[in-house]
Each structure stands twice: as C-alpha cells, then as structure tokens.
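Structure first, then comments.
Numbers here simply count residues along the sequence, with the first being 1.
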Amino acid sequence: MDLAGRSVVVTGAASGIGRALVLRFAAEGARGVVVADLDAGGAEAVAGQAGAPAVAVGCDVAREDEVHGLIGRAEEAFGGVDLFCANAGVAHGAGLEAPDDVWDQASRVNVRAHVFAARRLVPGWLERGEGYFLSTASAAGLLTQIGSAPYSVSKHAAVAFAEWLAVTYGDRGIRVSCLCPMGVDTPLLHEGFGEGGDALGSRVVKAAGAVVTPEDVAQVVVDGLREERFLLLTHPEVLDFFRRKAEDYDRWIGGMQRLQARMT
C-alpha cells in the first residue's frame with residue numbers, strides 16, 4: 001500500500017506507537033488521519049502535530065458502539081477508511097490471581113476491539129474490493145509474556161484473529177498485517193505491567209533485546225505496508241525465537257523457565 005492519498009484510522013494514538021504512526025502516515029501524504037484514543041485531549045494534541053488533515057476522536061475501543069462511531073466519523077471526514085490500525089492496547093502484570101475485570105479488559109481492548117472494527121469495515125471493503133487492516137499485537141503473541149497471563153493470552157488471540165482475517169478475506173482484496181514488536185520505548189513498557197515500570201513483565205522485555213523507538217516501529221510499519229507483508233517485526237530475533245519454539249516446544253519452554261528464574 002502506498003499511503004499517499006489514503007485515509008487512515010489509528011487507535012491508541014495519543015502516545016507511543018500510535019502517535020508515531022499518525023505522524024509518519026501524515027508525512028507519507030495520507031489524505032486524512034483519524035487520531036483515536038481514550039485520552040481525548042492527548043488525541044487532540046497529536047492531531048494538531050500531524051501537519052496534515054487530522055481529526056481527533058475520543059474513543060473507548062472496548063465498546064463496540066464507540067468503535068463503530070469512530071469509523072463513522074472517519075467516513076464523514078475523509079470519505080471512507082482505507083487503512084485501519086487497531087493499535088490500542090493494555091498490559092497488566094498479573095497471573096492466576098488476576099480478577100475477572102482485568103481479564104475482561106485485556107480481552108476487549110487487545111482482541112475484541114479488532115473484531116468490532118473488522119465487523120464494521122469488512123462488508124464495505126468487500127464491496128469496494130480493497131481495504132487494509134493493521135493489527136498491533138506483540139512479540140508476546142508469538143512467544144509469551146513472562147509476568148502477565150492476560151497480556152500473553154490476549155496478544156496470542158490478536159495474532160490469531162489477524163491470521164483468520166488474512167486467510168478468510170485475502171483473496172477478496174482485503175490485506176492484513178500483524179505488528180509484533182518486542183521492546184519499544186513507550187508508556188506501556190515503562191508504566192504497564194504495574195509496579196512503576198519495574199514489574200517482572202517490563203524487566204523481561206527490557207532484558208530480552210534492544211528497546212527501539214516508536215519512530216523505528218513506524219518505519220517498519222510503512223515498509224511492511226508497502227510490501228503487504230503479514231508479519232511485521234521490529235526485532236528480527238523474534239523470528240528466530242519463534243522458529244525455535246516451533247522446532248522444539250519443550251526445549252523452548254525450558255529456556256523460558258530458566259529466563260523467568262533468572263529475572264525473579
């Protein structure tokens with residue numbers, strides 16, 4: 001996909017990866033960008049920085065009616081949605097003790113929000129013969145996340161839903177990419193998982209490899225969209241880890257157990 005002249009929606013766009021995507025898409029010549037976030041004021045600030053036609057929308061992606069309203073606002077502003085970036089995400093540092101509301105929030109924000117958007121967009125895309133869905137999952141969706149069961153499980157589900165979309169609609173003009181970053185210098189890394197950035201989940205991610213910038217991620221995304229690749233990786237070593245996992249699951253689990261032991 002060439003982003004020039006395209007209309008784009010980015011959720012979770014008030015900071016981090018979402019903000020970097022908005023600014024990069026605008027720089028690439030997007031016709032219009034909808035900046036969506038639960039933090040409406042933060043979305044307004046990013047829209048003001050875009051340097052291209054941009055609309056800010058306060059949106060709770062955990063609610064289907066708000067996701068549908070967001071897409072309706074994009075259609076009103078820019079005549080349709082060419083690329084939808086399901087980027088909003090939450091992270092909790094929790095295991096079996098996590099209460100149901102934590103599991104519910106992880107499921108609705110990290111997975112169900114993608115379903116809500118696709119449910120609204122895909123019929124129109126099929127009529128047009130094209131559309132692009134970008135899912136922000138995580139390296140945890142290919143591997144796992146030590147220190148957070150809800151995050152790991154929901155990100156696996158996000159990868160699975162993106163795969164299903166690509167398989168089901170790929171031969172009918174709908175393209176799908178799944179972004180699976182590892183360590184990125186964002187509020188989610190430093191403030192997510194609890195304990196002020198010193199939680200087990202954050203420490204494991206920071207120790208696993210280089211921490212890249214949101215702008216680095218935006219470059220990976222633009223390159224991946226141009227080539228229409230499904231799996232977009234900010235850290236090439238994640239693919240090596242994924243291959244090792246597939247080749248010998250027991251050995252991989254043993255290695256992850258040793259990593260957890262070292263980190264705790």
Side-chain angles (χ1 to χ4, degrees), residues 16-17 20-21 85-87 89-96 98 106-107 110-111 114 134-167 176-190 192-194 197-225 227-264:
I17 293 173
L21 291 178
C85 303
N87 174 74
V90 293
H92 299 280
L96 295 178
S107 174
N110 294 348
V111 188
H114 302 198
L134 172 67
S135 167
T136 298
S138 168
L142 299 174
L143 305 170
T144 193
Q145 179 58 62
I146 291 173
S148 180
Y151 187 77
S152 180
V153 171
S154 61
K155 291 300 186 178
H156 272 72
V159 174
F161 182 65
E163 289 175 351
W164 182 87
L165 276 180
V167 169
V176 181
S177 290
C178 187
L179 174 62
C180 291
M182 196 159 63
V184 185
D185 187 9
T186 67
L188 189 145
L189 175 62
H190 300 300
F193 304 109
D198 195 42
L200 177 59
S202 294
R203 288 188 284 114
V204 168
V205 172
K206 292 172 184 175
V211 175
V212 302
T213 69
E215 291 72 25
D216 293 331
V217 179
Q219 181 66 56
V220 168
V221 168
V222 168
D223 291 343
L225 294 177
E227 298 170 6
E228 298 184 3
R229 284 185 280 112
F230 175 78
L231 187 60
L232 308 184
L233 298 177
T234 59
H235 296 70
E237 61 267 32
V238 169
L239 189 56
D240 293 331
F241 300 154
F242 189 47
R243 287 175 176 143
R244 292 173 194 169
K245 176 180 177 179
E247 288 170 356
D248 192 334
Y249 234 120
D250 291 317
R251 181 179 179 182
W252 177 80
I253 287 175
M256 295 296 286
Q257 289 171 338
R258 291 190 292 274
L259 173 60
Q260 176 170 267
R262 287 199 304 272
M263 298 304 296
T264 56

Would the distance check show the side chain of [X] and the main-chain N or O of [Y] forming a donor-acceptor pair, the cut-off being under 3.5 Å?
X	Y	result
D216	T213	yes
K206	G183	no
T144	A140	no
S148	H92	yes
K245	L142	yes
H156	L143	yes
N110	V90	yes
S177	R229	yes
H235	G209	no

Of all heavy-atom pairs between [X] and [Y], which one has the smallest distance, and what is that distance?
X	Y	result
P150	A94	CD-O, 3.3 Å
G147	L200	CA-CD2, 3.9 Å
P214	T186	CG-CG2, 4.1 Å
A137	P181	O-CD, 4.1 Å

Parallel under 30°, tilted from 30 to 60°, perpendicular over 60°: which one fits the rings of W252 and Y249?
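Judged by the thresholds at 30° and 60°, the geometry between W252 and Y249 is perpendicular.
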Among V205, L189, I17, side chain to side chain contact (heavy atoms under 4.5 Å, CB included) partner for V184:
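For V184, the side chain to side chain contact (heavy atoms under 4.5 Å, CB included) check succeeds only for I17.
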Under the criterion side chain to side chain contact (heavy atoms under 4.5 Å, CB included), which of V159, T234, V238 is the partner of C180?
V159
Between [atom1] of [X] and [atom2] of [Y], what distance do you get to the nearest 0.5 Å?
X	Y	atom1	atom2	value
L231	L239	CG	CG	7.0 Å
L232	S135	CG	OG	10.0 Å
Q257	I146	CD	CD1	9.5 Å
F241	M256	CZ	CE	9.0 Å

Assess whether atom CZ of F230 is packed by more than 12 heavy atoms of other residues, nucleotides or ligands within 6.0 Å.
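Yes.
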Side chains of T136 and C85: does their closest heavy-atom pair fall under 4.5 Å?
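Side chain of T136 against side chain of C85, heavy atoms only: no contact under 4.5 Å found.
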Can you list the steps and then say if V221 with L179 is a side-chain contact (heavy atoms from CB on, under 4.5 Å)?
CA-CA 7 Å; V221 168; L179 174 62; 3.9 Å; yes
Take Q145 and F193, measure what side-chain contact (heavy atoms from CB on, under 4.5 Å) needs, and give me the verdict at the end.
CA-CA 10 Å; Q145 179 58 62; F193 304 109; 3.9 Å; yes
